[in-house]
Each structure stands twice: as C-alpha cells, then as structure tokens.
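Only one structure is covered here, and it is reproduced in the block below.
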Amino acid sequence: MIGIYGGTFDPVHNGHLIIVNGILEMTEIEKIIVMPTRVPPHKKGKVSADFERRLRWTKIAFDGIENVEISDFENRPDISYTIDTIRHFNEVHGKIAYIMGEDSFVNIDKWYMYEEILKSATIYVYPRYCDSSKTVSMIQRFKMYDVNFLPLPIIEISSTTIRERSEKGLSLKGYVPDKIEKEIFDFYSKI
C-alpha cells in the first residue's frame, strides 16, 4: 500500500522524519509519498515560505530515506483539496493510505468532502496534543471507516515552534535536519 503524507511543511522538521520512519516500520505501507501543498484550504495566506523552497527543503530532509518519495503534485495555483489528491493516487496505485495528525483528524468534519476522504482511503492518525474527549467522540462517529491510530510518541516539535525559535534567534539544533538547519534559521529569522 502507498501512503500519502501531505502538509505545508513550513518548514519540514525532524518530527516529520520520525513519523514517516515509524509508519514505515509498523504498518503495511510500503512507500510514503511526502507532499507539500502550495495552497492549503485551512491556511490560505498563512504560509511563510514559498512552495518551491518548502519542496526543496523537504527533498533534502528526506534524501536517503528508503521508501520515501517527494511529490510536487499539489503544486497548483488554486486550493489543494485532499479528496482530489486521494482520487488521483487511488487511480494510479489502487486504494491508498492517507496519513494525518490527530489534530487534523478531530477537525476532519470541517474538510471539503470529508466523508468521501474517509471512504476513499485507509486513514492513519499519529498522536498530537489535542482534546482527548474530542478524539474519542470522532472515533465513535467515524468507526465505520478504516481509521487507524498509530502508537507513535507525541512529537513536541512543530513548524510553528521552529518559526518562533528562529524569530527569537534560538538554535534549531535537533529540531530540523542538520543539512538545512542554517538555511531554515536564516529564512525565518528575517521574516
């Protein structure tokens, strides 16, 4: 099975790498396609780095990790809807898996055509800090779909934290891959 891991990756960080490696180790997913989006519906006008920069950083971050491919499929000038991506990759690969954080899952009912997303893909959810009662409620609500919660550790690294640390002049050592640490720091420290 092919897994799709989409997001803004503004910027990519070591938490993303830990999640991808964990999923490859503990699921039947044979390959993960990591896919930065140009215009996410929920963050329109809120992305700091341009698409080309985020795509390049993502390629560098995942370089050399087996069974990971970086895709620019969502490099469109209009909004990238998850259902369009799932439909495309289902046509190419058969039914795919879609990977998301718990914080996204608890709000999936606000996503465009969310029921179609849940019907069209196997969903893998990795843990994030969020209201556990909301998670339980959503699990009950969507129990008829193929939603799988992964026993991964909660990663306390976020793109927001990296942007904030850069703005404050704080080190990014351990937060982002060494090979792009200086470039990411330099970019966000000047915003």
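What's counted below: heavy atoms across the whole structure, side chains too, no hydrogens, waters or symmetry copies.
- Put simply, Tyr126 and Leu17 are part of the same group of oily side chains (I, L, V, M, F, W, Y) that touch within less than 4.5 Å, one to the next.
- Minimum heavy-atom separation, Ile29 to Ala97: CD1-CB, 3.7 Å.
- With hydrogens and angles left out, the side-chain atoms of Arg163 and Thr160 include a donor and acceptor closer than 3.5 Å.
- Shortest non-hydrogen contact noted between Glu66 and Leu24 is O-CD1, 3.7 Å.
- Residues Ile23 and Phe89 are members of separate hydrophobic clusters, defined by side-chain heavy-atom contacts under 4.5 angstrom among Ile, Leu, Val, Met, Phe, Trp and Tyr.
- Qualifying side-chain hydrogen bond (donor to acceptor under 3.5 Å, both in side chains) partners for Ser158, counting only residues two or more places apart in sequence or in other chains: Thr161.
- Not one N or O on the side chain of Arg87 forms a donor-acceptor pair closer than 3.5 Å with the backbone of Ser120.
- Among Ile96, Ile4, Ile2, the one residue that satisfies the side chain to side chain contact (heavy atoms under 4.5 Å, CB included) test with Asn90 is Ile96.
- Every residue meeting the salt bridge (charged side-chain N to carboxylate O under 4.0 Å, His left out) condition with Arg141, not counting sequence neighbours, appears here in chain and number order: Asp109.
- In this structure, Ile18 is a member of the same hydrophobic cluster as Ile184, with clusters built from ILVMFWY side-chain heavy atoms closer than 4.5 Å.
- With sequence neighbours excluded, no residue forms a side-chain hydrogen bond (donor to acceptor under 3.5 Å, both in side chains) with Glu91.
- If you chain together hydrophobic residues whose side chains sit under 4.5 Å apart, Leu118 and Tyr124 never meet in one group.
- Among residue pairs with one or both ends in residues 169-178, those qualifying as side chain to side chain donor-acceptor pair (under 3.5 Å) are Lys173-Glu181; sequence neighbours excluded.
- Partners of Asp186 according to the side-chain contact (heavy atoms from CB on, under 4.5 Å) rule, which considers only residues two or more places apart in sequence or in another chain, are Lys182, Lys190.
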* For Ile79 and Tyr112, run side chain to side chain contact (heavy atoms under 4.5 Å, CB included): C-alpha distance rounded to whole Å, both residues' side-chain angles, the deciding distance at 0.1 Å, then the answer. => CA-CA 11 Å; Ile79 291 174; Tyr112 176 69; over 6 Å; no

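- Side-chain heavy atoms closer than 4.5 Å link hydrophobic residues (I, L, V, M, F, W, Y) into clusters, and following such links, possibly through other members, connects Tyr188 to Val176.
- Considering CE of Met138 and CG of Asp131, their distance stands at 11.5 Å, rounded to 0.5 Å.
- A distance-only check finds no donor-acceptor pair linking the side chain of His88 to the backbone of Thr85 [under 3.5 Å].
- In this structure, CD1 in Ile83 is found 10.0 Å from NZ in Lys119, a value given to the nearest 0.5 Å.
- Summarising the geometry of Gly174 relative to Ile157, their closest heavy-atom pair is O-CD1, 4.0 Å, with the distance given to 0.1 Å.
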Extract all donor-acceptor atom pairs below 3.5 Å that involve side chains of residues 31-40 and protein atoms in other chains or at least two apart in sequence.
{"unit_1": "Lys31", "atom_1": "NZ", "unit_2": "Glu69", "atom_2": "OE1", "d": "2.7"}
{"unit_1": "Thr37", "atom_1": "OG1", "unit_2": "Glu74", "atom_2": "OE1", "d": "3.0"}
{"unit_1": "Thr37", "atom_1": "OG1", "unit_2": "Ser80", "atom_2": "OG", "d": "3.2"}
{"unit_1": "Arg38", "atom_1": "NE", "unit_2": "Asn75", "atom_2": "OD1", "d": "2.5"}
{"unit_1": "Arg38", "atom_1": "NH2", "unit_2": "Glu52", "atom_2": "OE2", "d": "2.7"}
{"unit_1": "Arg38", "atom_1": "NH2", "unit_2": "Asn75", "atom_2": "OD1", "d": "2.5"}

Distance-only check: which donor-acceptor pairs under 3.5 Å involve side-chain atoms of residues 144-156, not counting sequence neighbours?
{"unit_1": "Asp146", "atom_1": "OD1", "unit_2": "Asn148", "atom_2": "ND2", "d": "3.2"}
{"unit_1": "Asp146", "atom_1": "OD2", "unit_2": "Thr122", "atom_2": "OG1", "d": "3.1"}
{"unit_1": "Asn148", "atom_1": "ND2", "unit_2": "Ile123", "atom_2": "O", "d": "3.2"}
{"unit_1": "Glu156", "atom_1": "OE2", "unit_2": "Tyr129", "atom_2": "OH", "d": "3.3"}

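- By the 4.5 Å heavy-atom criterion applied to side chains, Asp72 and Phe51 are counted as neighbours.
- Glu164 meets the side-chain hydrogen bond (donor to acceptor under 3.5 Å, both in side chains) test with no other residue; sequence neighbours excluded.
- Contact detail for Ser166 and Ser189: the closest heavy-atom pair is O-CB, 3.3 Å.
- Under the 30°/60° scheme for interplanar angles, the aromatic rings of Tyr98 and Trp111 are found to stand perpendicular.
- Ile162 CD1 to Phe185 CZ: the interatomic distance, rounded to the nearest 0.5 Å, is 12.5 Å.
- Here Glu30 pairs with nothing under the side-chain contact (heavy atoms from CB on, under 4.5 Å) rule; sequence neighbours left out.
- Partners of Ser137 according to the side-chain contact (heavy atoms from CB on, under 4.5 Å) rule, which considers only residues two or more places apart in sequence or in another chain, do not exist here.
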Please tabulate, for side-chain N and O atoms in residues 57-64, each donor-acceptor pair with protein atoms closer than 3.5 Å (sequence neighbours left out).
{"unit_1": "Trp57", "atom_1": "NE1", "unit_2": "Glu183", "atom_2": "OE2", "d": "3.0"}
{"unit_1": "Thr58", "atom_1": "OG1", "unit_2": "Arg54", "atom_2": "O", "d": "2.7"}

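- Between atom CE of residue Met113 and atom OH of residue Tyr81 there is a gap of 11.0 Å, rounded to the nearest 0.5 Å.
- Looking at every heavy atom in both residues, Ser48 comes nearest to Phe187 through O-CZ, 3.8 Å.
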Identify all side-chain donor-acceptor contacts of residues 101-108 below 3.5 Å with residues at least two apart in sequence or on another chain.
{"unit_1": "Glu102", "atom_1": "OE1", "unit_2": "Arg128", "atom_2": "N", "d": "3.3"}
{"unit_1": "Glu102", "atom_1": "OE2", "unit_2": "Thr135", "atom_2": "OG1", "d": "2.6"}
{"unit_1": "Asn107", "atom_1": "ND2", "unit_2": "Asp103", "atom_2": "O", "d": "3.0"}

